[in-house]
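A, B, ... follow the sequence lines: proteins, then strands. Residue 1 opens every chain.
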2 protein chains.
Amino acid sequence: MPAKEKQSIAIKAAEPAYLPQLTLDCIVLGFHQDQLRVLLLRWKGTQEWSLPGGPIQQSESVNAAAYRILKERTGLDQIYLQQFQVFGDLVRYNLPEIKTKLQHLINPELWYNRAVSIGYYALVEYSKVNPTPDLFTDECQWWEIKEIPNLLFDHNQIVEAALQALRQQINWQPIGLNLLPEQFTMPELQRLYEAILNRPLDPRNFHRKILSLNILERFPERRKGGAFKSPYLYRFNQEKYEAVLQEGNLSFL
Amino acid sequence: MPAKEKQSIAIKAAEPAYLPQLTLDCIVLGFHQDQLRVLLLRWKGTQEWSLPGGPIQQSESVNAAAYRILKERTGLDQIYLQQFQVFGDLVRYNLPEIKTKLQHLINPELWYNRAVSIGYYALVEYSKVNPTPDLFTDECQWWEIKEIPNLLFDHNQIVEAALQALRQQINWQPIGLNLLPEQFTMPELQRLYEAILNRPLDPRNFHRKILSLNILERFPERRKGGAFKSPYLYRFNQEKYEAVLQEGNLSFL
DNA sequence: TCAAAAGTGTTAACTTTACACCCATGT
DNA sequence: ACATGGGTGTAAAGTTAACACTTTTGA
């Protein structure tokens, strides 16, 4: 990278148009081929990966910053987003190591000694996402949750914390549906839950439980295509779903 | 207040020894005379109340800042503390109004246009607390949760959010015990739960449910003193309690 | 002896779990 | 015809909810 560009990126990151020493990290989760996946970015000129994220502008709320970042990285704007934890330890990762690894992109003097990060997880429909790198990265890609490499910063821990938070929440609220396309089959939904909870579920009990929430509508047609009995298609009833999310007083699975 | 002192307080608040534009608010909950209570501070020379809180030092983690503030306001250091939400809206309260109300304490020019606040709730044993005001306030007092006045900033909303978070958590974890003295009776514990959940509970079912957690030990003696049957005293078994907190896989009440 | 609050058990309703066979479809 | 995966019901176990009377104590 020419020195000029390096300089301008670095200045941008330090600009006082942002809240200093505060960042935001997003765990963007999708579901594809029976696997939970997370969106990661590869930093320019390196093989180093990290979560999408960044600073918060003075002129936007923290939630708006999360939506903005998600919009930039995925192209989507109607997204289920959940703030789940603040990472505020004094030493969250090996800063000298980061400075060295990224010195070709960011002037080492411009790093804060510490920053606090607000963690969000987002649930998105895999097929609608258009993964887009940011200024510092030149690749944005889905990774299977079980194959995530060593990430920069404390991002491995943040992913782990996000998954724990998600597993908690899924006990109370039918979050899983945000990860599926508009039409989906019961076995697909079940595999999604199995992926999130990381354990097998009984199909008969699962079926009964989900239907008892009364947030699904079954289509008359079935999905064709495999060498087996065609499954029914469902979609979820947005209104009833919202009502259930509001109340949040169901225990689930 | 003499101009000199005003100046020094103001400089302190703006000192770069703190993370800029980030603060922390603590909802300190206690239980006394069958009522949930919250610790509030009255600002010097005003009748205005707010939550304890403040900025985070560069040299301390966010959690450490919360413990520090709690220690300063209550004298306690072994406290159940739970980070529950970040308040990051662009406009969280009427800033010009705040500047005016507190201009005798803080130079209006020193306020940030916005700040993000990290909300913590703390559960403490009422009788052990020694309420202590901070630099800006001259009174620190318990208020019944149902009688909280209009607070400065967005603190009424923050209290409301804390209570909601607490009610959620109490479904999973036997939090209530943190609010009671070492020895307590079953009816006391029940009244605590009723205060948090804001609804009556059946004493027989409650008794059974709590005991089934296996975290309580009953003393042979009973508590004397009222014109009625003396209740048994209990304490909780720290080890088993910790184990239950860890797992967090019990649904409760 | 009376008033106040504590202690305690049973049943019905509901929820959760465990479990296995037949069906539809494409090759 | 067969391999693949989808759809479906029932019974037992466990959990939750509803409900009322007797006991102890101090005044």
Side-chain angles (χ1 to χ4, degrees), chain A residues 31 33-35 170-174 180-181 183-195 197 199-235 244 247-253, chain B residues 31 33-35 170-174 180 183-195 197-235 244 247-253:
Chain A
F31 185 66
Q33 290 178 336
D34 294 355
Q35 300 293 328
I170 210 175
N171 280 304
W172 294 91
Q173 298 189 326
L180 293 176
Q183 295 193 355
F184 53 89
T185 68
M186 198 56 78
E188 282 167 359
L189 184 56
Q190 182 178 338
R191 285 192 293 266
L192 168 56
Y193 272 79
E194 289 175 335
L197 296 171
R199 64 184 162 91
L201 301 171
D202 178 277
R204 285 161 294 188
N205 295 340
F206 181 80
H207 188 257
R208 190 170 338 122
K209 188 83 180 227
I210 293 283
L211 288 186
S212 75
L213 295 175
N214 273 318
I215 53 174
L216 291 193
E217 288 167 5
R218 192 167 86 172
F219 287 89
E221 324 85 56
R222 296 163 170 236
R223 169 171 298 163
K224 304 279 175 167
F228 45 78
K229 188 172 185 177
S230 350
Y232 286 103
L233 286 167
Y234 295 84
R235 71 168 166 204
V244 168
E247 300 178 16
N249 56 358
L250 66 156
S251 92
F252 192 59
L253 296 180
Chain B
F31 186 66
Q33 290 179 335
D34 294 356
Q35 301 293 327
I170 210 176
N171 280 305
W172 293 92
Q173 297 187 326
L180 293 176
Q183 295 192 357
F184 54 88
T185 68
M186 199 54 81
E188 282 166 359
L189 184 56
Q190 183 178 336
R191 286 192 293 266
L192 169 56
Y193 272 78
E194 289 175 336
L197 296 171
N198 202 21
R199 65 183 163 91
L201 301 170
D202 178 277
R204 286 160 291 188
N205 294 339
F206 182 79
H207 187 259
R208 189 168 341 117
K209 188 82 179 229
I210 294 283
L211 288 186
S212 75
L213 296 175
N214 273 318
I215 54 175
L216 292 193
E217 289 168 3
R218 192 167 87 173
F219 287 90
E221 325 85 56
R222 294 161 170 238
R223 168 171 299 162
K224 304 279 177 168
F228 45 78
K229 188 172 186 175
S230 347
Y232 286 102
L233 286 167
Y234 294 83
R235 69 167 168 206
V244 169
E247 299 178 14
N249 56 359
L250 67 157
S251 92
F252 191 59
L253 296 180

Nearest-angstrom distance from the residue atom CE of B/M186 to C1' of C/dA6: 11 Å
Nearest heavy-atom contact between B/S230 and B/R223 is CB-O, 2.8 Å
When rounded to whole Å, the CZ to P distance for the pair A/R218 and D/dG6 reads 15 Å
Would you say the side chain of B/Y193 lies within less than 4.5 Å of the side chain of B/P174, judging by non-hydrogen atoms? yes
How do B/E188 and A/K224 order along DNA chain C: which one's closest nucleotide is nearer the 5' end? B/E188
Across all chains, not counting sequence neighbours, the salt bridge (Lys or Arg N to Asp or Glu O under 4.0 Å) partners of B/R218 are none
Atom pair distance, as rounded to whole Å: CD1 in B/I210 and P in C/dG7: 14 Å
Which is true for A/R222 with a 4.0 Å heavy-atom rule: it touches a base, it touches only sugar-phosphate, or it touches nothing? nothing
When rounded to whole Å, the CG to C1' distance for the pair A/L211 and D/dT8 reads 11 Å
Can you figure out which of D/dG26, D/dG7, C/dT16 approaches the side chain of B/A227 most closely? D/dG26
Return the CG to CD1 distance between A/N205 and A/I210, rounded to the nearest 0.5 Å. 11.5 Å
Atom CG of A/N205 to atom P of D/dA11: distance rounded to whole Å? 15 Å
Rounded to the nearest angstrom, tell me the gap between atom CZ in A/R208 and atom P in D/dT10. 11 Å
Nearest-Å distance, CZ (B/F228) to C1' (C/dG7)? 13 Å
Answer whether the closest heavy-atom distance between the side chains of B/H207 and B/P203 falls below 4.5 Å. no
Do the side chains of A/Y232 and A/M186 get nearer than 4.5 Å, heavy atoms only? no
Nearest 0.5 angstrom please: A/E188 CD to A/Q183 CD, how far? 10.0 Å
Per nearest nucleotide of DNA chain C, the residue lying toward the 5' end, B/Y234 or A/S230, is B/Y234
Does a nitrogen or oxygen in the side chain of B/H207 sit under 4.0 Å from OP1 or OP2 of C/dT8? yes
Protein-nucleotides 20-22 of chain D N/O pairs closer than 3.5 Å?
from   : atom 1 : to     : atom 2 : distance (Å)
D/dA20 : N1     : B/R204 : NH1    : 3.4

Looking only at side-chain atoms of A/K209, point me to the closest of C/dA6, D/dT8, C/dT16. C/dT16
Calculate the interatomic distance between B/F184 atom CZ and C/dA6 atom P; express it in whole Å. 15 Å
